Amino acid sequence: MSIKKFSIAVLQIGFLYAVYFIMDQAAQALHLPIPGSILGLVLIFILLQTGVIKLTWIERGSNWLLAEMLLFFIPAAAGIIKFKDLMMTNGWSILVVILVSTLIVMMTAGMLPLLFGRQKERNEG
Amino acid sequence: MITAIAYLLLTVLIYWGSKRLYQIKPIVLLSPLLVTPLILIFILVKADISYDAYNTGGKWLTNMVGPATVALAVPLYKNFNVLKQHAVKVIVGTLGGSVMGFLASLGIAHLLHLNSSLMSSLMLRSTTTAIAIVVSNQIGAISSITAVIVLITGLLGMTIGPLVIRTLRIRNDIAKGVLLGTSAHNAGTRKALDLSDVSGAIATISMILSAFLTLGIAPWLMTYL
């Protein structure tokens, strides 16, 4: 990656960070129950749709952030050591609840669109 | 300041190393999201470093989840036309999945005799962290525990999601997106982007939608318990 491309990506990430930061401050000031990151997502989407900002202004930085998103979860994941006692006493139960209910969500959320799709196609056909 | 930067670099370095390892041997157990925190925890314990000290550097990375979530606007914008065509399927799938998720977690937690505060945290499991914390405070769950449970759900969801998709033989990009976005918030959405751009955009919508559903339904459900 050339230095120019790199600086563009860094600038775009700075811009996205600023959007997040401002929306987060606004959400806190107005006591909104919606997180700043979701407000920022919706705002940027609207600005793109209305043509106020162009895709090329943020595309490179966005791609980089999305590609490295896993890295951003890691410090929080290591934070689980702070809950050693809870995990020792209830860890297995917690894992069972998470695993089974996640499987149920996945089956429901994954199959409903398919059922619905087929129904509609049949009606149309 | 210098130690904070050192912790940050250490994290990036281990992450980079485990990503390499995963490229050589791509099995679920070697996923960077499992390996990196485990190595980090091992180092912190062995070197007797407290998590709070480590997190002076670590939190800079955690802060980037915010702008990365904002960046999801890009795949959403690029695939908005596909989304519009499939709006009903996405809404039905997300709503059904979320409601089943609330009921399943409450039911199983009850069977396992977990206390009501833990039950509330578990119910908020599949929504994005910030929403889960806000609702936690409303319904008497402990927000830091909710955050950990949300995180475990994300890691677990993005790991088993592709397996579930294979087992159920789901070939439809829309269904894959709804499945991952509804069940495993940001982490699932990130995984959906690996599958296809369309799945990623659909997962983004499902994630946002399920966040709002949690906000609307969870506090109301808890008043009945």
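Because the structure is predicted, anything quoted here is derived from the model rather than measured. Chain A is the first sequence line, chain B the second, and so forth, proteins listed ahead of strands; every chain is numbered from 1.
Residue with the most contacts toward chain B among Ala76(A), Ala78(A), Pro75(A): Pro75(A) (heavy-atom pairs, distance under 4.5 Å). When each of Ala147(B), Ala109(B), Gly97(B) is scored by its heavy-atom pairs under 4.5 Å with chain A, the top score falls to Gly97(B). The candidate with the highest count of non-hydrogen atom pairs below 4.5 Å against chain A, out of Thr153(B), Asn55(B), Leu44(B), is Thr153(B). Considering only heavy-atom pairs separated by less than 4.5 Å from chain A, the leading option among His86(B), Lys176(B), Met207(B), Arg190(B) is Arg190(B). Of the listed residues Gly101(B), Gly66(B), Ala104(B), the one with more heavy-atom pairs under 4.5 angstrom with chain A than any other is Gly66(B). Each of Leu151(B), Asp194(B), Leu34(B) has some count of heavy-atom pairs under 4.5 Å with chain A, and the biggest count is that of Leu151(B).
Contact annotation for Leu156(B): only side-chain heavy atoms (C-beta onward) come within less than 4.5 Å of a heavy atom of chain A. With a 4.5 Å cut-off on non-hydrogen atoms, Tyr7(B) does not touch chain A at all. The part of Lys78(B) that comes within reach of chain A is its side chain, from C-beta onward, which places non-hydrogen atoms under 4.5 angstrom from that chain. The contact between Leu215(B) and chain A is made entirely by side chain atoms (from C-beta outward), counting heavy-atom distances below 4.5 Å. Residue Val90(B) does not touch chain A at all, counting heavy-atom pairs closer than 4.5 Å. For Leu86(A), the part sitting under 4.5 Å from any heavy atom of chain B is the side chain, from C-beta outward, and nothing else. Of the two parts of Leu155(B), only the side chain, counted from C-beta on, holds a non-hydrogen atom closer than 4.5 Å to a non-hydrogen atom of chain A. Both the backbone and the side chain of Ile94(A) come within contact range of chain B, with heavy atoms under 4.5 Å apart. Heavy atoms of Val178(B) lying under 4.5 Å from chain A belong to its backbone as well as its side chain. Of the atoms belonging to Tyr17(A), heavy atoms from both backbone and side chain fall under 4.5 Å from chain B. With a 4.5 Å cut-off on non-hydrogen atoms, Leu118(B) touches chain A through its side chain but not through its backbone. At a 4.5 Å heavy-atom cutoff, the contact between Thr182(B) and chain A is made by backbone and side-chain atoms alike. Neither the backbone nor the side chain of Lys191(B) comes within contact range of chain A; no heavy atoms are under 4.5 Å apart.
Proximity to chain B among residues 97-109 of chain A is limited to Val97(A), Ile98(A), Leu99(A), Val100(A), Ser101(A), Thr102(A), Leu103(A), Ile104(A), Val105(A), Met106(A), Met107(A), Thr108(A), Ala109(A), judged by heavy-atom separations below 4.5 angstrom. Scanning residues 19-27 of chain A against chain B with a 4.5 Å non-hydrogen threshold yields Val19(A), Tyr20(A), sorted by number.
Annotation: side chain of Val148(B) is in contact with side chain of Met87(A) (closest heavy-atom distance under 4.5 Å).
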**OP:** Start with the C-alpha gap between Leu71(A) and Thr36(B), add the side-chain angles, then the distance that decides, and say whether side-chain contact (heavy atoms from CB on, under 4.5 Å) holds.
**Re:** CA-CA 9 Å; Leu71(A) 172 63; Thr36(B) 318; over 6 Å; no
